[in-house]
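Bear in mind the structure is a predicted one, so any value in this text is a computation, not a measurement. Residue numbering restarts at 1 for every chain, and letters A, B, ... go by the order of the sequence lines.
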Amino acid sequence: MAISRVKGTRDFSPEDMKKRRYVEGVMRSVFESYGYEEILTPTFEYLELFLKKSGEEVLKHAYIFKDKSGKDLILRPEVTTPVIRFYVSNLRNRPHPLRLYYITNCFRYEEPQAGRYREFWQAGVEIIGTNSPEAMAELIIMADDVLKRLNIKHYEIRIGNVEVLKNLLSDVDDRIRSKILRHIDKGEIEKLKEYDINYEKILSIITFSGGRNELEEIAGKDMLLLMDYLDDAGVRYKVDFSIVRGLDYYSGIVFEIHNNKLGAQKQICGGGVYSLGELFGFDIKACGFAFGLDRVILSAERENVLPEVSERRFMLFLFDKKYYKKALEILRIVRKYYKCEMEIMRKKIKKSLEYANSKGIDFFIIVGEEIEKGYITIKDLKRNVQEEVPIENFEEYIKNL
RNA sequence: GCCGGGGUAGGGUAGUGGUCAUCCUGCGGGACUGUGGAUCCCGCGAGCCGGGUUCAAAUCCCGGCCCCGGCCCCA
């Protein structure tokens, strides 16, 4: 029995990686076009970093271990907290706002399921220095932009504010409050009656469907402003105060994006205003979001919107190793413009052509005795024609293919 | 952690309590010694793991592991 993969992890084939790199590439180019810069933090951190603010749920499912010196370490279950650590220790004297992004793997020990893995990828952004409605608008517009550029259609943006419920429950014990919030998140409205709280008020908020005035009263001006910005941007969204983010550090306006083409794990993006600064003794205004990269890829697959990217590919076949040096020269020229591989299995030309054909290679370059007269044979496998090209015209010839 | 459905070569599959475990595809080679996709031939490659029942288990039973989906939770 061969050694198998660890549960909840995946191997990615060349085909998988093409899809992943494509989706990542779209995210990267959108993020960068908004002026965000890429960073990366370590795969593991001291456990301490995540103890205070990530919340029980995240820690319960974390990979926690000791290193050889007995220090408690954790594989990052999310990236926002490490980014803030990085910020506090090294980036604080940069001009604000800081716009940062990352695309990297995270780890949680949970039961694997459709769209849920123990090693998964997050593509996230953070704005440090402000949590203004303008900043939140930028985030949501940008997230929407990414999905639009990927041609994903079946998504829904929901906007809420965790402060509203937290304020309403401010005099409730911490533990009870998180229980109540969990009921709200799950839609277990009936259970709320069991608690000593303003049931009617909470119910009216989580089932909110009123107009601007009421909304302003409940959520404040910022929420209204954000909604105006999103309207101007043509971003469609729903207001939903029952959104309770799983991470405890969220502290204001939050949003989630779901794709209803997905199974049980529908959420493809989540974010909002958070307060992590107090962890380091500062008041840092910040907000951000993260895409679940795997789920976005899954969405793109389900909606069948991944483009077929075709690129010209070459292969060089060498008849005699005495022309190896010539072949290298030719390869150097071809590789300035195209992908070109070389035959290295000592195959006969027939087998080599079979290989090239089954790999979908477009042009087959043959280096044989004609090289002595200064000619290179180029065979167009798709059109089944071949030509002998003088070596001095070779570069010009392939450039114009 | 819980619930449901699964697990036979790299991928897809067939079958039976008892010959050498099918077939397709794939991969390597040959027929064809410098020209592909066809054909033919040869070769490579498998019953998740452990235990039980049995003269005999890939097949039946139990446990575990893993995969798929759902709950919980999250991305």
Atom-to-atom span, NE2 of His61(A) to P of C71(B) - whole angstrom: 15 Å
Value in whole Å for how far the C1' atom of C68(B) lies from CD of Glu301(A): 15 Å
Rounded interatomic separation in angstrom, taking CG from Leu298(A) and C1' from G69(B): 13 Å
Of all pairs that satisfy ring-ring contact (aromatic ring centres under 6.0 Å, His included), the ones with a partner from residues 97-145 of chain A, not counting sequence neighbours: Phe12(A)-Trp121(A), Phe31(A)-Tyr101(A), Tyr63(A)-Tyr109(A)
Among G28(B), A75(B), C71(B), the one nearest Gln122(A) by side-chain distance: A75(B)
Which nucleotide in C67(B), C2(B), G30(B) has an atom nearest any side-chain atom of Glu111(A): C2(B)
Identity of whatever pairs with G26(B) - Watson-Crick or G-U, under 3.5 angstrom: C44(B)
Pairing partner of A9(B) (Watson-Crick or G-U wobble, both distances under 3.5 Å): none
Touch class at under 4.0 angstrom, heavy-atom based, for Gly115(A) against every strand present: base
Qualifying side-chain hydrogen bond (donor to acceptor under 3.5 Å, both in side chains) pairs with a residue from residues 279-305 of chain A, counting only residues at least two apart or across chains: Arg10(A)-Asp294(A), Lys19(A)-Glu301(A), Arg20(A)-Asp294(A), Asn259(A)-Ser299(A), Asn259(A)-Glu303(A), Gln265(A)-Arg295(A)
Result of checking Glu387(A), Gln386(A), Glu370(A) against Thr377(A) for side-chain hydrogen bond (donor to acceptor under 3.5 Å, both in side chains): Glu370(A)
Rounded P spacing from G34(B) to U39(B) in Å: 23 Å
Polar side chain donor-acceptor pair, Tyr155(A) to Asp144(A), under 3.5 angstrom: yes
Side chain Arg10(A) and base C67(B) donor-acceptor under 3.5 Å: no
Conformer about C1'-N of G37(B) - syn within 90° of 0, anti elsewhere: anti
Base partner of C32(B), which must satisfy Watson-Crick or wobble distances under 3.5 Å: none
Asp11(A) CG - G10(B) P separation (whole Å): 14 Å
Nearest-angstrom distance, C1' atom, G4(B) to C72(B): 15 Å
Among G28(B), C67(B), C72(B), the one nearest Lys347(A) by side-chain distance: G28(B)
d(NZ, Lys261(A); P, G69(B)) in whole Å: 17 Å
Annotated protein contacts, base or backbone, on nucleotides 34-46 of chain B with a non-hydrogen cut-off under 4.0 Å, one of B, S, - each: BBBB---------
Distance-only polar pair, side chains of Tyr274(A) and Glu126(A), donor-acceptor under 3.5 Å: yes
With sequence neighbours excluded, residues passing side chain to side chain contact (heavy atoms under 4.5 Å, CB included) with Ser358(A): none
Nearest-nucleotide 5' precedence on RNA chain B, Gly8(A) against Tyr117(A): Gly8(A)
Which donor-acceptor pairs under 3.5 Å do side chains of residues 318-331 of chain A form with protein atoms, sequence neighbours excluded?
residue, atom, partner, partner atom, Å
Asp320(A), OD1, Lys322(A), N, 2.9
Tyr323(A), OH, Glu372(A), OE2, 2.7

Nearest-nucleotide pick for Arg302(A), side chain only, options being G69(B), C73(B), C67(B): G69(B)
Face-to-face stacking of Phe291(A) with A75(B), centres under 5.5 angstrom, angle under 30°: no
Any donor-acceptor N/O pair, Asn393(A) side chain to Val389(A) backbone, under 3.5 Å: no
Separation of C74(B) C1' from Tyr250(A) OH (nearest whole Å): 11 Å
Distance-only donor-acceptor test (3.5 Å): side chain Arg116(A), base C73(B): yes
Nucleotide G29(B), atom C1' - distance to CE of Met345(A) in whole Å: 10 Å
Spacing of Glu110(A) atom CD relative to C72(B) atom C1', expressed in whole Å: 9 Å
Donor-acceptor pair present, Gln113(A) side chain and C72(B) base, under 3.5 Å: yes
Indicate every side-chain donor-acceptor pair of residues 217-230 of chain A with a distance under 3.5 Å to a residue at least two apart or in another chain.
residue, atom, partner, partner atom, Å
Asp228(A), OD1, Arg212(A), NH1, 3.0
Asp228(A), OD2, Arg212(A), NH2, 3.3
Tyr229(A), OH, Glu134(A), OE2, 2.5

